[in-house]
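Residue indices begin at 1 and follow the sequence shown.
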Amino acid sequence: MPRNADKPPASPRFAVLALAFAAVLIVAAGALLVVAMRENPKGAAGTMLASAIGGPFQLVDQNGKRVSDADLKGKWQLLFFGYTHCPDACPTALNEIALALDRLGDKRNAVRVVFITVDPERDTPEVLKNYVQSFDASIVALTGSPDQVAQAAKAYRVFYAKHPRPDGGYEMDHSAVIYVMDPQGRFTATFTPESTADAIADRLQKLLS
């Protein structure tokens, strides 16, 4: 997608999924905060919430190389679950991320973009490789067996489901959340496909400073 392309509007289904998932995160965060304050009023809530998002996985990147969650540590990560046939939320999110990285200047090298498909049936390494080349950013695109993808999605509390179309094809309903993981692989923050490049860049500048 060209860097100056108009931002496509998100479909109602993806907007609802994003809002619903955000609500779940807010409720979960609130519950964890209450428990943490009881156990450790000095601030264990951040650690507890971070441990609730993320976990081990074994997948394959667009070059056919095996990649685990451990391999991705060492840099900040912008991690997003989606699929190459996604009509709006996925290309919008990846385009805004690419624009945000441009605003970081030299600091962009401290951030790794990770795109994990929820449609392994169609998203082979070759398909992913062609797809991510459309964006002005270095993206680690990951796929695997249905069970491997399901394990990764479960670790990040991602919902996804096949949505059949009348023509016999299908789309994938999925949580549209961009996760910010720190260099140790700990959950730090989230964005949505509606987050602008400026908002993403501003938050990353603060985290990287």
Run the side chain to side chain contact (heavy atoms under 4.5 Å, CB included) test on Phe187 and Met181 for me, step by step, so that the C-alpha distance in whole Å, both residues' side-chain angles and the decisive distance to 0.1 Å come before the verdict. CA-CA 5 Å; Phe187 169 70; Met181 311 297 289; 4.0 Å; yes

Considering non-hydrogen atoms only, spot the tightest contact between [X] and [Y] and give its length.
X	Y	result
Asp136	Ala98	O-CB, 3.6 Å
Ala176	Ala89	CB-CB, 4.4 Å
Met172	Val118	CE-O, 3.1 Å
Ala152	Leu59	CB-CD1, 4.2 Å
Phe80	Ala93	CZ-CB, 3.9 Å

Only one of Leu79, Ile97, Leu94 passes side-chain contact (heavy atoms from CB on, under 4.5 Å) with Ile178, and that residue is Ile97

Residues Val149, Tyr160; criterion side chain to side chain contact (heavy atoms under 4.5 Å, CB included); working and verdict: CA-CA 10 Å; Val149 169; Tyr160 67 97; 4.0 Å; yes

Tell me which pairs pass side-chain hydrogen bond (donor to acceptor under 3.5 Å, both in side chains) where either residue lies in residues 54-66, with sequence neighbours left out. Asn63-Lys129

Are side-chain heavy atoms of Arg165 and Glu171 found at a separation under 4.5 Å? yes

Any non-hydrogen side-chain atom of Pro120 less than 4.5 Å from a side-chain atom of Ser145? no

Set of side chain to side chain contact (heavy atoms under 4.5 Å, CB included) partners for [X], sequence neighbours left out:
X	answer
Lys75	Arg112
Ala189	Val180, Arg203
Arg103	Leu99, Ala197, Asp198, Ala201
Ser138	none

Show which side-chain atoms of residues 104-111 pair as donor or acceptor with protein atoms under 3.5 Å away, not counting sequence neighbours.
unit_1 : atom_1 : unit_2 : atom_2 : d
Lys107 : NZ     : Gln205 : OE1    : 3.3
Arg108 : NH1    : Asp102 : OD1    : 2.8

The test is ring-ring contact (aromatic ring centres under 6.0 Å, His included); show your working for Tyr83 and His174 and say whether it passes. CA-CA 9 Å; Tyr83 67 115; His174 65 93; 5.8 Å; yes

Would a single hydrophobic cluster contain both [Y] and [X], if residues Ile, Leu, Val, Met, Phe, Trp and Tyr are joined by side-chain heavy-atom contacts under 4.5 Å?
X	Y	answer
Val140	Val158	yes
Trp76	Ile139	yes
Phe81	Leu72	yes

Those residues that, when tested against [X], pass salt bridge (Lys or Arg N to Asp or Glu O under 4.0 Å) (two or more places apart):
X	result
Arg122	Asp119
Glu121	Lys162
Asp182	Arg186

Would you confirm whether [X], through its side chain, and [Y], through its main-chain N or O, come within 3.5 Å as a donor-acceptor pair?
X	Y	result
Gln151	Gln148	no
Thr192	Glu194	yes
Tyr179	Leu78	no
Asp71	Ser68	yes

Which pairs with one or both residues in [range] pass ring-ring contact (aromatic ring centres under 6.0 Å, His included), sequence neighbours excluded?
range	result
residues 190-209	none
residues 90-114	none
residues 102-126	Phe115-Tyr131

Say you draw a straight line from CG of Leu204 to CG of Leu101; how long is it, rounded to the nearest 0.5 Å? 7.5 Å

Distance from Asp123 atom CG to Asn130 atom CG, nearest 0.5 Å? 11.0 Å

Kindly determine whether Thr117 and Leu142 satisfy side chain to side chain contact (heavy atoms under 4.5 Å, CB included), including the steps that lead there. CA-CA 6 Å; Thr117 184; Leu142 301 175; over 6 Å; no

Whether the Glu126 and Thr124 side chains hold a donor-acceptor pair (N or O, under 3.5 Å, no angle test) is what I'd like checked. yes

Determine whether Ile116 and Val114 satisfy the following criterion, side chain to side chain contact (heavy atoms under 4.5 Å, CB included), listing intermediate values before the conclusion. CA-CA 6 Å; Ile116 301 178; Val114 182; 4.0 Å; yes

